[in-house]
Structures are given as structure tokens and as C-alpha cells.
**Student:** 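Please find one structure pasted underneath; my questions will follow.
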Amino acid sequence: MTKQNLVIIGAGMASGRVLEHLTDAAPDAFDITLFNAEPRGNYNRIMLSPVLAGDQTYEEIVTHDAAWYAERGIATRFGEHVTRIDRAAKVIHGEHGDVPYDKLILGTGSNPFMIPLPGHDLEGVIAYRDLEDTQAMMTLGAGQKCVVIGGGLLGLEAAAGMAARGVEVTVVHIMGHLMERQLDEAAGYLLKKSLEDKGITIRLQANSSEILGEDGKVTALRLDDGTDLPCDLLVMAVGIRPNVALAQEAGLAVGKGVHVDDQMCTSDADVFAVGECVEHDGAIFGLVAPLYDQAKVLARTLLGEEAAFVQKSLSTKLKVTGCDLFSAGDFGDGEGREDIVFRDPARGVYKRLVIEGNRLVGAVMYGDTADGSWFFGLIRDGTDIEEMRETLIFGPAYQGGDTADPLSAVAALPPEAEICGCNGICKGAIVEAIEAGAGDLGAVRATTKASASCGTCTGLVEQVLQVTLGDAFEMPAAQPVCGCTEHTHEDVRRLIKTMPLKSQEAVWQELGWSTRNGCHVCRPAVNFYLLADWPLEYQDDPQSRFINERKHANIQKDGTFSVVPRMWGGITNPSELRAIADAADKYDVPTVKVTGGQRIDLLGVKGEDLPAIWADLNRAGLVSGHAYSKGLRTVKTCVGTDHCRFGTQDSTGLGIKLEKVLWGSWTPHKLKLAVSGCPRNCAEATCKDIGVVCVDSGYQISIGGAAGMDVKETELLVQVASEAEAIEVVMAVTQLYREGAKYLDRIYKWMGKVGLEWIRARIKDKAERARLVAAFELSQSIYRKDPWAEHVAEQAERYQPLADLTLEAAE
Amino acid sequence: MAWVDIGALDDVPERGARKIRTALGCVAVFRTGAQEVFAASNACPHKGGPLSEGIVHGQSVTCPLHNWVFDLNTGQARGEEGRIATYPVRVEAGRILIDGAALVARSAA
């Protein structure tokens, strides 16, 4: 039998593997010609990252050198582009001459996708794809800057490789966490932390708008928020597109890639395709494992054997030293899937398994990936895991055994370790008190003052009791925040401050949350704690807020909303009232009501109308009244010395000033104030969270009132002489409440736990008061603004339905 | 199956939802933190609360009115008698597609 002419276009990893199989199994079956546009043969492209990082050299990753091709009699046409495929004549047109074929293999691979940003054609803007790109990155060294667009596998490997060379690297990623296709938020958070430890700056949810240059060379990347990130090199690693140009011109069936069947045959029976250029059953391929499977199938098909390519589950590992991650299988949606989550905060370990029925279908791991291949095996083989479901997450080596003693950390503390920060009480003093007879929390508080103030160390004191007394002490069942964690609110607040934790992902991971991303109970609480403690570092997460605070309006029982514009100190004027009346007319507001907080409520506004009605109210100078928030609601006033014959001070003026200072701030629960101009108390200040009653000699500030399910009278905190000091005290007590209280505790509940005496001591301490005022002001530099105006400008479309299918569905 | 393009994945906030209007009422489209997408009836069977306004956590949503929690895979309410209809939905090239046939089937049922 005469030899057939086999032509291969593209010397990549898939076609290279085809050549290996063919020439091993049947060295004399074909006369082979290999075209490659790159001026070299096949090298192991996935090892470019170790080359970049300096762990390997180019020579070490070459898989086929010139001698290899020569030994097998393969004619190589390297550095030569194929200009056309003539399928009728079965001839390949190369730049330097034609070659006839009997069988043709397309291994044209893929092209990196370049985002068509202005400036993408500047010098120094590259992809991360081939040896030339790698060499461009290797020219950079210490003191130079590089920006990588794309926080996926390839982008992060490029970033880590350059960071290892001393380059200052910033990764810009459009999504909320890194490698979102392979990792969930929790693993993405740990990965970000590891990369930041390597000196890489990570910017998430960042949109690129423009590449800036000078003399034709890149100088910086501009983000859509106006930030410029200076760089000497800009690497785009945002994905690949199958290279189908030749196939398309030759009239082959092409979709996202070159269409192939299970035998890797294209729409022409003599033309095959393999690797990243193909599309099989709707999928395209970027990882190496399926490419090797395809190569094996294609080689057997060409040799007349039966073989079929089947898509399998894939696993991913990141080739960055010190970032141990693994992901495999499928995290897509489906009926009846269930998660098993394991976290070990101390070791920075996170594992999540996705189970469907009795089968493992997906796994994500960070920090400890030793069991990765075992889990991958279970996924690939569809093993029934019913028997080992309970212990599955611990891996194949699970032998049972004791769990770590949760008290061992406290037992290990030295006697001089401080337990109660407020009162400066160390462990030794508490142990002494216990040994002298203080057998419960109340007795320890009474004798040592430990945990008698802010209360956040209560858990620690109880653990000292338990360690000291053993079984004689019955641990009161601490109320955890919710089912996602065993920590109490107090513990979570304390650990957010001390560890410190500055993102929700950090809280879930470091405190061992048992769920993927919390629940409706803990998410709003944790979101508040983070923004209260880290106003600059933490960004408020609207998705962790109850609807009223996410949409800045109160949801009503029929799904409509109420809109309450702010009336500073309860003062309004004809033009504001006219604007409110016009809005009520224009948006068919069914109910207009005067509230107990001295303002006007428009009830029954449709969700879709909110941005429009806000825009109208904004034009009249009206802003959000935050009638929906766990934050400052109103400052109610009486008319004071302006008009009242009994008024002792300008209560209206003080109320307006307080509202202007406090508005927009978030607090553990709603915060209502009032200022009365004399002890007749027409503004009802003594049943508010904070009340001010003006007297001849100054201002009496009292706190802890309530007029809801509980009715409480405020208790006097301090009396001050000047209006300025009254404002300062109110700011300080508000901040103290923000820093210490449990989410959803009104001031009176917080006061019941920490004690009025303790609050008063803090407020009277001049240095502490100044610190509290400064901390409040810092937070307000972010939050003292009108959310309505912001939503009108930036996200009005989110208030509309995503789509209207009323026509389609009716057909 | 008749897949209908209803918008871009990025138009739905992560750990959030949007609603779409259909001739048979509103359907909520959810996106989880792990980039999964689900579609289900927007109305809570308890008091009709709009589920697209709820907090999305794991593969569940909590109704904003009275905190009923629904599993988005099955539509079953946790610890309550009640479930919401779920609809086939998928993501392709960053676009969300919903099965229009299933939406029509609901009216026939």
C-alpha cells in the first residue's frame, strides 16, 4: 500500500501528541508535513509560567526538537504561514510552496482575546500566550511596573511570575473574586490573600476604560473610576478564541471553533481538527487533559481503529508557588445539590464539596489540596459516596479520632494575658477570683470587673471559668449569631477588630462559617460590623442588606414602597411641600401620611418608579430621610426660643445641626433623636434613643429611651453648657454604640449590657471622646451623602425588570 | 425547550436577583456567589412577597416580607409547607437564557 500524504497545520501540544501516537504505532503509514507559523517546533506551552518565574528554561520545556522530527522523517515547514486550503484539489498553499494531502489535520490552536480598549495597539500591550510574550515579560525587573488585566488562571500565573522577578504587579479583575470560573468566593478570598502576601496588588470589580501611552508606548491603564495605574508593560489575559480563520475560508463548518464529531473529523471526511481550535458538542477546550484525549482518538481514527472522544470532568491547579488550590468538576446549577463545607481558619484551609444524589460532582480546595486527586477520582468515576458521606470531606486518610479541644487555646494563655481590655484584667486575676470562690460570670464580674463593661470578652471569661473549674462550671449556652457559625455576636465583633478581619470572605473563612456565604441573618450583621469598624477599607455590600436598605425605601405588604424625604429637624417650606404634592400626583401615590418623626410619608410607590420620584424630589432639594434604615432616622424638635414663650434654647436649630451631622450614618438598629426646648418636653425627647432637653444652664443629654414594644424613659448621661459640646457628646455616644453594640440592639438594650456608668465614663474621658468624634467623622466622610441621588445616577436600571417577556410568553 | 435571551449575566448582581415580566406574572432570576443562575416564581406562597428582593445566600433566597427561605434547586420552602415553581435557565457566553416553553407550560397547567 502506498503511503498517504498527511499534512498538519500547527505544531502545538495537541498535534504534537498526535504525531507521537502516529509515529509510535505506525511509523511508515504516512508521509508527514508539519506547518507552524511560530519559527519553532512543539514546546510545552503550559510550562511557560515556570519559565517566566525562572524555575525552568525554554530548553527544558521543548518537547520535540529538530532531531526528533528528523528521526521520524517529518518534513517541517516552521515559520511559514499557510495561506489557503484548497479542498477540491486537496492541496495546501504555503508561503513557500504547495503540498498535496490525502489527510489534513488542523491544529491551529487559539488566539488570545485582546479587549479592544482605546490604546490596545500600543507597544508594551501584550497577551500571555507564547514564548515571545514570555520573553517580553522577562525583560522587566525590579522597580518596573506591570498591569495584568484578567484574574483567571493565566493572568495570575503571569502576575506571580513577574512579581517573583521583583516587578511591581497590579492585577485588574472585573469580577468580585479571582478565578471565578474555577473557585468560589471563599477560595478566591484565600487566593487573593496569598497573592497579596507576595506583594501583588489585586483590584476586584475594576473596569478598564482606556490604555494610556506616550510616543506609541504604553504608560498606564485607566479604570472607569478615573484611577490611573502606571505600567511599563500591560498584559491582557482575559481568555482565548479558537483560531478558525483558515477553516472558515476553506468552507468547513465552524461555530465558536471548528466543528468536529467524536472522531475529530470536520465536515470534510478527509480533514480533521484537534486541540484548542475545535468545538465538540458545543464546548471548546483550553486545558491540556482533553487535548491529549483528542490526540489519542485522532491518531487511532487515522490508523483505522475505532475510537471516540468523550468530554470528561476537569480539574484545575494553579502553578504558583505557595498558592495551593484545586478545583474540579461542576458547580453549575441543578436539582437537589448539596454543599459540604470545611474551614480551618488557623491553617488557612477551605474545602467545599458539591454533592448530587449520592455522587460527588464538584470540589474546591484551598490551602490543603493533598486529597484533590482522590476527590477528582470520585467525581470522574461517579463513585457512590453514600457510605462515607459524613466523613467524606476529611479525605481518604480519615481515621476518626478526637477533635481538637476548643478550650486548649484559653488554657494555654499565660496568667498575664489580658482578657478584659476595658478594665485591664488579666487571666491570672480572674483565675484568682475564681479560686477564691467566684463560681459564675456574675461573681467574676462583681469581684474583678472583667467583662463588666463592653461585654465582648464574656466568652473568654466563661472559658477561663470552665478551664479553672472543669466540670463544676456549667457553660451557659451562648447564642450564636445564626446557624452558620458557633460564634456569638460579641465574639464576631471582637474578632473583626482584633484579628483584624476586613471583608465578609475573611469573616467566613477565619471564623469557620459552615455555609458558603452566610444567610439572611448573619449577612446584614457582619456587613454592619465591617463597615462600622473599617469605614475606609470595607465597601458596603448591598446584597447583604435587607431590601429596605438595598433599595432605600420601605417595602410594604403588597410589594410597593414608601418614600420619606428628609425634613431637617421637622422644618419644611412651601416649595418642598409643593414638590412632594407634585410627586404624589405624578406617581399616583395612594396614601400621603404625616409621620411621628415630623415628616411626610408617600406610601404605595411602585418599585420601578423609585428612581424617577427620587430624581424629582432631589430637584427640589429633598434627600433621603432614611426612614428605612438601621441608622439615623429623625431628629424631632419643638420650636424652642424661636417662637415659644417657655423655650430656653434654640432647640430647632440644634436639632437641625444634629441631623446634618448624623444623617447617613449606619447604626446597629434605628436611631431616633429629639431636642426639646424646655423641660415641658414637647418633642418627647425622653422616650428617644438619644434625647436632649434644653434648660437655662445648658443641655441635658439622656439616652436609652424607647417607645416601641418596650417603653422606656431615657436616663441622664451628662449635662453640658454649650451647643457645640452637646453635638460632640451625641456624636461620641453614637460612635460608641456603633463600635460596641450587637446588631439589632437599640441603645437601651446595649446600655442594659454595658451599663450607663461605663458609657458615661467613656464620654467624660476627654481623650476618648475626641477619638470617638474623630472616628465618627471619618466614617461620615464616606456615608454622609444622599443614596437616592447616587442610585438615580448610577443604578436606575436595576429598578426595572431585567426583561419583559409578556409578548413572547403569550404566543 | 425554547431558550429566550433575557439579559446579560452581569445585569444580575452577584448574590442578588432581578425580576422579569411575563404574561403570567413576574419570574425572579437569581445569581449566586458561585455564578450559578436560577429562575423561579417571584411570589412567595405565604403572603406574595417579591422574592427577587430577598437576600440570596448559598443556593437559597429569603423572602423579604417574613423570612421564608426557599431552596432554589427545588423551590421547596425550608421548614414550611409550600414551594415555588422553578424554571430551566442557563448561561451561554455571558447571556442568561430561560426556557420560554416552561413559562407557557405553567399557564396550561
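Order of the sequence lines sets the chain letters (A, B, ...), proteins ahead of strands, with each chain counted from 1. Note that the structure is a prediction, hence the values are computed from the model and not measured.
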**Student:** Under the ring-ring contact (aromatic ring centres under 6.0 Å, His included) rule, collect the residues that match up with B/His57, sequence neighbours excluded.
**Tutor:** A/His520

**Student:** Output the distance between atom CD (A/Glu185) and atom OG1 (B/Thr32), rounded to the nearest 0.5 Å.
**Tutor:** 7.5 Å

**Student:** As an exercise, state the distance from OG1 of B/Thr62 to CZ of A/Phe546, rounded to the nearest 0.5 Å.
**Tutor:** 10.5 Å

**Student:** Let me check something: any side-chain donor-acceptor pairs from residues 43-56 of chain B under 3.5 Å, sequence neighbours excluded? List them with distances.
**Tutor:**
| unit_1 | atom_1 | unit_2 | atom_2 | d |
| --- | --- | --- | --- | --- |
| B/Ser52 | OG | B/Asn42 | OD1 | 3.0 |
| B/Glu53 | OE1 | A/Lys551 | NZ | 3.0 |
| B/Glu53 | OE2 | A/Lys551 | NZ | 3.0 |

**Student:** Is A/Leu802 close to chain B through its backbone or its side chain, or both, or neither, when contacts mean heavy atoms under 4.5 Å?
**Tutor:** both

**Student:** Considering all heavy atoms of both residues, which atom of B/Pro64 and which atom of A/Ile547 are nearest to each other, and what is their separation?
**Tutor:** CB-CG2, 3.5 Å

**Student:** If you count heavy-atom pairs under 4.5 Å with chain B, which of A/Val521, A/Asp541, A/Thr515 comes out on top?
**Tutor:** A/Asp541

**Student:** Which value, rounded to the nearest 0.5 Å, describes the distance between A/Thr806 atom OG1 and B/Leu103 atom CG?
**Tutor:** 11.5 Å

**Student:** Verify the neighbour count for atom CD of A/Glu797: are there more than 12 heavy atoms of other residues, nucleotides or ligands below 6.0 Å?
**Tutor:** yes

**Student:** Sort B/Ile6 into side chain, backbone, both or neither according to what part of it lies under 4.5 angstrom from a heavy atom of chain A.
**Tutor:** both

**Student:** Would you say CD of B/Glu80 has more than 12 non-hydrogen atoms from neighbouring residues, nucleotides or ligands within 6.0 angstrom?
**Tutor:** yes

**Student:** Are B/Glu92 and A/Lys256 close enough for a salt bridge, meaning some N to O gap below 4.0 Å?
**Tutor:** no

**Student:** When rounded to the nearest 0.5 angstrom, what is the spacing between CD1 in B/Ile20 and CD in A/Gln800?
**Tutor:** 15.0 Å

**Student:** side-chain contact (heavy atoms from CB on, under 4.5 Å) between B/Val27 and A/Leu805: does it pass, once the steps are laid out?
**Tutor:** CA-CA 10 Å; B/Val27 168; A/Leu805 301 185; over 6 Å; no

**Student:** Can you name the residues that form a side-chain contact (heavy atoms from CB on, under 4.5 Å) with A/Arg359, not counting sequence neighbours?
**Tutor:** A/Asp384

**Student:** Looking at B/Val29, B/Asp10, B/Asp71, B/Asn67, which makes the most heavy-atom pairs under 4.5 Å with chain A?
**Tutor:** B/Asn67

**Student:** Report, in residue-number order, which members of residues 12-19 of chain B are under 4.5 Å from chain A by heavy-atom distance.
**Tutor:** B/Val12, B/Pro13, B/Glu14, B/Arg15, B/Gly16, B/Arg18, B/Lys19

**Student:** Tell me, out of A/Pro524, A/Gly518, A/Gly176, who's got the most heavy-atom pairs with chain B below 4.5 Å.
**Tutor:** A/Gly518

**Student:** Can you tell me which portion of B/Val69 sits under 4.5 Å from chain A's heavy atoms? Options are side chain, backbone, both or neither.
**Tutor:** side chain

**Student:** What I want to find out is whether B/Arg31 reaches A/Glu180 closely enough, with some N-O distance under 4.0 Å, to be called a salt bridge.
**Tutor:** no

**Student:** Contact part of A/Gln205 toward chain B, heavy-atom cut-off under 4.5 Å: side chain, backbone, both or neither?
**Tutor:** neither

**Student:** Just how far is it from atom CG of A/Asn517 to atom CD of B/Gln59, taken to the nearest 0.5 Å?
**Tutor:** 10.0 Å

